[in-house]
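Here is the structure we will look at, set down as structure tokens.
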Amino acid sequence: MAEFKQSTKLHNVLYDIRGPILQAAQQMEAEGHRILKLNIGNPAPFGFEAPDAILVDMIRHLPNAQGYSDSRGIFSARTAVSQYYQTRGIQNIHVDDIYLGNGVSELITMSLMALLEDGDEVLIPSPDYPLWTASVSLAGGRPVHYLCNEDSGWQPDLDDLEAKITPRTKGIVVINPNNPTGAVYPEETLRKIVALAEKHGLVLFADEIYEKILYDDAAHVNLAGLTGDDVLCLTFSGLSKAYRVCGYRAGWMAISGPKKEAADYLEGINLLANMRLCANVPAQHAIQTALGGYQSINDLILPGGRLLEQRNKAYELLNAIPGVSTQQAKGALYLFPRLDPEVYHIRDDEKFVLDLLKEQKILVSHGRAFNWVRPDHFRMVTLPNVKDIEEAIGRMADFLGRYPGN
């Protein structure tokens, strides 16, 4: 019998959020165990539902959503995205600069496949959302990670970023608000990143899927609002998180900056968009209603809102565990706690997470899955209700109190 092996193109492609640990959890579920999943930012299983207006609008458009759309997406949805950015003070994103995708994930991969030659480098934050690292590798590029400083609230280390720019560098990824740390970057920091991109002729990739999920006094600044016509900026966002419809796979990419000079690159993006024919058409019809209607996410993030209260409780309880500390998240749906190496002698954070799963039936993600440099962090989502957060972190505390390390 012939043997079939995976392509060598996948040898450096990792996505451990859904890797071996999740497979172990699924096996335990198949055996009858109840697993509390704190590993993926998927609001629906935790009781967060889409706004009714989005559901109604999708249902009403289903009879007209049976065929392909324009490969960039339906006109009304792209217009809504363009107008949204206009309300944010960004006037150079037009309807034809918008591409709708099956979630942001598809568009990230398309944008990198169209740009990178083998060996080209892209600067990605550490820690990161690992799809960026995986997609650069899949496109034949080399992911290079610039450090974010935990002591400064996980802000980018701009000196480290600039020191890692080489003649092969093609772009800089900015994840703001950040997944997994919850950091929100001030305008001053973003302006310095834009200046570096302009100085070195780099593309900016702005991952802003959590831009509406902000806490306390945090304010989000769109990177494209700072680049003008001088720096090519690809902005990624969508409905998954703020509108609680991850399964609809409704995302977009907005292109701003010197498009004339980028014409050949954009032709490559068009080619890839045409090859996949179009994004999910029923979900495209949700975009206009979502962006133009009542923003119910605000009810969840303001004082008394469920997301805010859950974040606060998780932060309080994690920092109460001896040897555990976490920066407060200013945005997104996660905390990224640190396990003090002087207290917990953990050499393999993947094994630590697997041990926690097996003993306490709690699933979190290990820090190095997010391309963090040491085995001393893990990520947990703050989506469960307060009672479940109290139970989960209580079980973590019990586990850590007896954990010898590995």
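Heads up: numbering here begins at 1 and tracks the sequence. Any value given below was found using the heavy atoms of this structure, including those in side chains, with hydrogens, waters and symmetry copies removed.
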Got a donor-acceptor contact below 3.5 angstrom from the [X] side chain to the [Y] backbone?
X      : Y      : result
Asp216 : Ala218 : no
Asp97  : His94  : yes
Gln310 : Leu307 : no
Asn176 : Tyr185 : yes
Asn179 : Asp128 : no
Asp348 : Glu350 : yes
Ser126 : Asn371 : yes
Ser111 : Ile108 : yes
Gln327 : Glu150 : yes
Arg379 : Gly367 : no

Taking side chain as C-beta onward, heavy atoms only, is [X] less than 4.5 Å from [Y]?
X      : Y      : result
Tyr85  : Asn92  : no
Tyr344 : Val324 : yes
Ile269 : Met253 : yes
Lys37  : Val364 : no

Step through it carefully: locate the ring centre of [X], locate the ring centre of [Y], and say whether they are under 6.0 Å apart.
X      : Y      : answer
Phe378 : His366 : no
Phe236 : Trp252 : no
Tyr403 : Phe352 : yes

Thinking salt bridges, do [X] and [Y] make one under a 4.0 Å N-O criterion?
X      : Y      : value
Glu187 : Arg191 : yes
Glu49  : Arg244 : no
Asp229 : Lys259 : no
Glu121 : Arg168 : no
Arg72  : Asp96  : yes
Glu309 : Lys313 : no

Spacing of [X] atom [atom1] and [Y] atom [atom2] [to the nearest 0.5 Å]:
X      : Y      : atom1 : atom2 : result
Trp154 : Asn178 : CH2   : CG    : 9.0 Å
Leu55  : Asp57  : CG    : CG    : 10.0 Å
Ser237 : Tyr210 : OG    : OH    : 10.5 Å
Thr227 : Leu234 : OG1   : CG    : 10.0 Å

Please confirm whether Arg311 makes a cation-pi placement over Tyr334, using NZ or CZ under 6.0 Å from the six-membered ring centre and within 45° of the ring normal. no
So which atom in [X] and which in [Y] form the shortest heavy-atom distance, rounded to 0.1 Å?
X      : Y      : answer
Asn280 : Pro282 : OD1-CD, 2.9 Å
Phe370 : Pro130 : CD2-CD, 3.7 Å
Gln328 : Leu335 : OE1-CD2, 4.0 Å

Does Asp398 have any salt bridge (charged side-chain N to carboxylate O under 4.0 Å, His left out) partners at least two apart in sequence or in another chain, and if so, which? Arg402
Please identify each residue that fulfils salt bridge (charged side-chain N to carboxylate O under 4.0 Å, His left out) with Lys199, with sequence neighbours left out. Glu162
So which of Val174, Ile165, Thr166, Val136 actually passes side-chain contact (heavy atoms from CB on, under 4.5 Å) with Leu123? Ile165
Decide yes or no on salt bridge (charged side-chain N to carboxylate O under 4.0 Å, His left out) for Arg276 and Glu106, but give the supporting numbers first. CA-CA 10 Å; Arg276 57 92 209 236; Glu106 176 187 58; 2.8 Å; yes
Relative to the ring of His61, is the ring of His285 parallel (under 30°), tilted (30 to 60°) or perpendicular (over 60°)? parallel
